[in-house]
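Worksheet: the structure to be examined is printed underneath.
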Amino acid sequence: MSIVEDNTAAAPDVDEDELRRRRARKFERIGKWVLPVLVMALALFAWDRLVVWNGIPHYILPGPWLVFSTLISDWPILFDALLVTLQITLMALAVAVIGGVGLAVLFTQSRWMEMSFYPYAVILQVTPVVAIAPLIFIYVDSRIAGLLLCAWLVAFFPVLSNTTLGLNSADHNLRDLFRIYGATRWQRLRYLQLPSALPYFLGGLRIAGGLSLIGAVVAEYVAGTGGIGSGLAFRILEAGYRLNIPRMFAALILIAVTGVVIFAGLSFISHMLLRKWHESALKREG
Amino acid sequence: MAATSAPLGQRAEVMRIEGVDKVFNGDVVALKGLNLTVNSGDFISLLGPSGCGKSTALRLIADLIHPTRGRITWAGGQKAGDLGVVFQEPTLMPWATVAQNVWLPFRLRGKTYNSVKDEIIEALRLVGLDKFQNAYPRELSGGMKMRVSIARAMVTKPRLILMDEPFAALDEITRFRLNNDLLALKEKIGCTVIFVTHSVFESVFLSDRIVVMAARPGRVIRELTVDAPYPRDEVFRTSSDYAAYCRQASDALHEAMEGVAA
Ligand SMILES: Nc1ncnc2c1ncn2[C@@H]1O[C@H](COP(=O)(O)OP(=O)(O)OP(=O)(O)O)[C@@H](O)[C@H]1O
Ligand SMILES: [Mg+2]
């Protein structure tokens, strides 16, 4: 009898399920960070041992410490290259957003436009950029413009297709309501279609962020020429010719980190824009 | 604004539907020979089985679709946007707050928020949600969302409010509450309502006219008058008059369903 009372007094609203749920949540919170770091540490350790125990020379496979020290010692070169690649990437992303959203709006405003041009947007998308890039550099004089065009070609389609889908997925009852209230085209676009499309657009944007980096890197490979204003991809090529393998790895790591940062940044923006109302940004209990 | 409506026989005409047919795709006869005169202050229920063309009738009145035959005329000509509509789902914009949602009909007429703020707050007060102006729809219960939808429909004081099974998805207790509140609202602002429902009880409780419809083809088979005074409340809901009207409407509904094999 008294035991039962003690129990209820100690934790009135916490049952076994709740305790299990809390444990699971705590594990989730910690594991999300600890486990990947653990995997990384193990991989680095294995890499290091592999190199040391087998006596692999650094021009074939450098150990992690050598890569890390190269990253530091070559930082001035690599950082300049990073800035160039980043600049192309972000400009391409910006143009992809403007072009993708602009075309999507045009398509939803005019069936004619959509019927005429949508197939070509698909064709541009499915043709590998590596195959188009050499042509682009033949006809486009400015290197920057060429790089930008390549990166844009890769990045704009997800923005276009997602935004088009979003603009067309406004609730049909709300559409009727807008018609009943005599809304103009512009009002419907501004107050109904664009907000409905926002989550779709942001999904496309996150994909486009990664793709514009890929586009920029691929374009640099194809463009090939070096000198001042060359980006990370060119530094990788160049280091490869000189068998400077540690620098190749260092540049590769920088590209990967850049991709992750772009993705995380866009995810954060997306979360901030949607957190008040969209399902994807809501925390659910249980 | 003006309260209780004039007696049934002495109300001014708002809108008239004359001999309207609606045929979809050349062969689906959704409505056949629909006649209906709507007078100012009426609360009309369209009652009938699924597929008898109730929603189609509302869409015709809202000018979202056009009659295949016949015509719909408005006393004093039709003005765009002079309607309020409530759908079965609350149909709110999830990205906008409660107050912004209620602002919508004004906004589409080019009115700034501040110029109509008083009307918006008043409409929200009438549905009991003035404390929730800054909430987002996802923070509200189903019944509260429906109240916002009603506030949006009446905030412009339209000539006619169309409601298509607005409470069908709600639980019975919430539905009773909203029925009571809807009548209280109607008394306060003296609006004219066409209300679509499957429920005999709801239609009798709310309306002064019940239009019973049958399917295949959709048509009116009976018009009943519920001559009980407003305001109606729980006393009416438990009265013998109410039971008698329900019996009448129910009989008419059975008649409507007889032709169709169950
Ligand atoms: N756009 C459309 N195209 C083709 N047929 C339609 C269309 N809209 C309605 N119908 C048909 O018209 C008939 C009446 O439909 P309506 O939606 O008006 O019925 P309802 O009385 O509202 O039914 P419910 O109670 O199920 O909502 C149905 O047979 C339906 O299939
Ligand atoms: Mg219907």
Side-chain angles (χ1 to χ4, degrees), chain A residues 101 104-105 108-109 162-206 267-286, chain B residues 55-56 58-66 78-98 100-111 113 134-140 145-146 148-149 152-153 155-156 158-166 169:
Chain A
V101 173
V105 168
T108 49
Q109 294 303 299
N162 271 31
T163 311
T164 307
L165 181 65
L167 289 171
N168 289 328
S169 63
D171 181 278
H172 68 99
N173 280 334
L174 273 174
R175 262 171 211 268
D176 283 349
L177 199 65
F178 272 64
R179 262 182 69 193
I180 290 169
Y181 287 135
T184 62
R185 236 164 210 260
W186 164 247
Q187 285 176 323
R188 197 181 55 206
L189 180 67
R190 167 83 184 71
Y191 300 135
L192 178 61
Q193 292 179 294
L194 285 177
S196 304
L198 185 64
Y200 295 82
F201 160 75
L202 290 169
L205 182 66
R206 270 184 300 192
S267 299
F268 178 73
I269 292 176
S270 161
H271 178 78
M272 292 313 281
L273 286 175
L274 300 181
R275 86 199 137 105
K276 285 243 179 64
W277 62 273
H278 197 255
E279 285 295 332
S280 69
L282 300 183
K283 285 203 191 68
R284 288 253 167 246
E285 282 300 309
Chain B
S55 299
T56 304
L58 289 197
R59 294 173 66 78
L60 282 164
I61 296 169
D63 206 24
L64 290 170
I65 52 177
H66 303 110
Q78 189 180 11
K79 277 185 288 169
D82 201 12
L83 273 179
V85 184
V86 181
F87 300 95
Q88 181 169 343
E89 285 84 44
T91 313
L92 304 176
M93 301 179 290
W95 54 83
T97 62
V98 164
Q100 287 169 339
N101 267 291
V102 177
W103 175 31
L104 181 74
F106 282 126
R107 192 181 205 187
L108 294 177
R109 292 180 190 172
K111 301 235 167 92
Y113 184 81
N134 295 320
Y136 283 83
R138 67 169 178 90
E139 300 167 76
L140 308 180
K145 283 185 208 164
M146 204 34 104
V148 178
S149 195
R152 176 180 62 193
V155 70
T156 55
R159 273 202 288 181
L160 181 59
I161 296 181
L162 306 177
M163 305 179 109
D164 194 350
E165 301 185 38

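Residue numbers begin at 1 in each chain, while the letters A, B, ... track the order of the sequences. Here the structure is a predicted model, which is why all the values come from computation and not from measurement.
- With a 4.5 Å cut-off on non-hydrogen atoms, A:Leu198 does not touch chain B at all.
- Heavy-atom pairs under 4.5 Å with chain A were tallied for B:Thr97, B:Val85, B:Leu64; the largest tally goes to B:Leu64.
- The backbone N or O of B:Ala96 lies less than 3.5 Å from a partner atom in the side chain of B:Asn101, making a donor-acceptor pair.
- Residues meeting the side chain to side chain donor-acceptor pair (under 3.5 Å) test with B:Glu165, sequence neighbours left out: B:His198.
- Heavy-atom distances place no part of A:Thr184 under 4.5 Å from chain B, backbone and side chain included.
- Only the side chain of B:Leu104 comes within contact range of chain A, with heavy atoms under 4.5 Å apart.
- For A:Asp171, the part lying near chain B is the side chain, with the backbone staying farther off; criterion is any non-hydrogen pair under 4.5 Å.
- A donor-acceptor pair is defined here as one N or O able to donate and one able to accept, closer than 3.5 Å; such a pair exists between the side chain of A:Ser169 and the backbone of A:Gly166.
- Residues B:Arg59 and B:Leu162 have side chains not in contact (no heavy-atom distance under 4.5 Å, counting atoms from C-beta outward).
- For chain A, the nearby part of B:Ala153 is the backbone; its heavy atoms alone come within less than 4.5 Å.
- Considering only heavy atoms from C-beta on, A:Asn162 stays 4.5 Å or farther from A:Leu202 through its side chain.
- Judged purely by atom type and a 3.5 angstrom limit, B:Arg138 uses its side chain to pair as donor or acceptor with the backbone of A:Lys276.
- The part of B:Glu89 that comes within reach of chain A is its side chain, from C-beta onward, which places non-hydrogen atoms under 4.5 angstrom from that chain.
- The choice from B:Arg152, B:Met93, B:Arg107 that makes the most heavy-atom pairs within less than 4.5 Å of chain A is B:Arg107.
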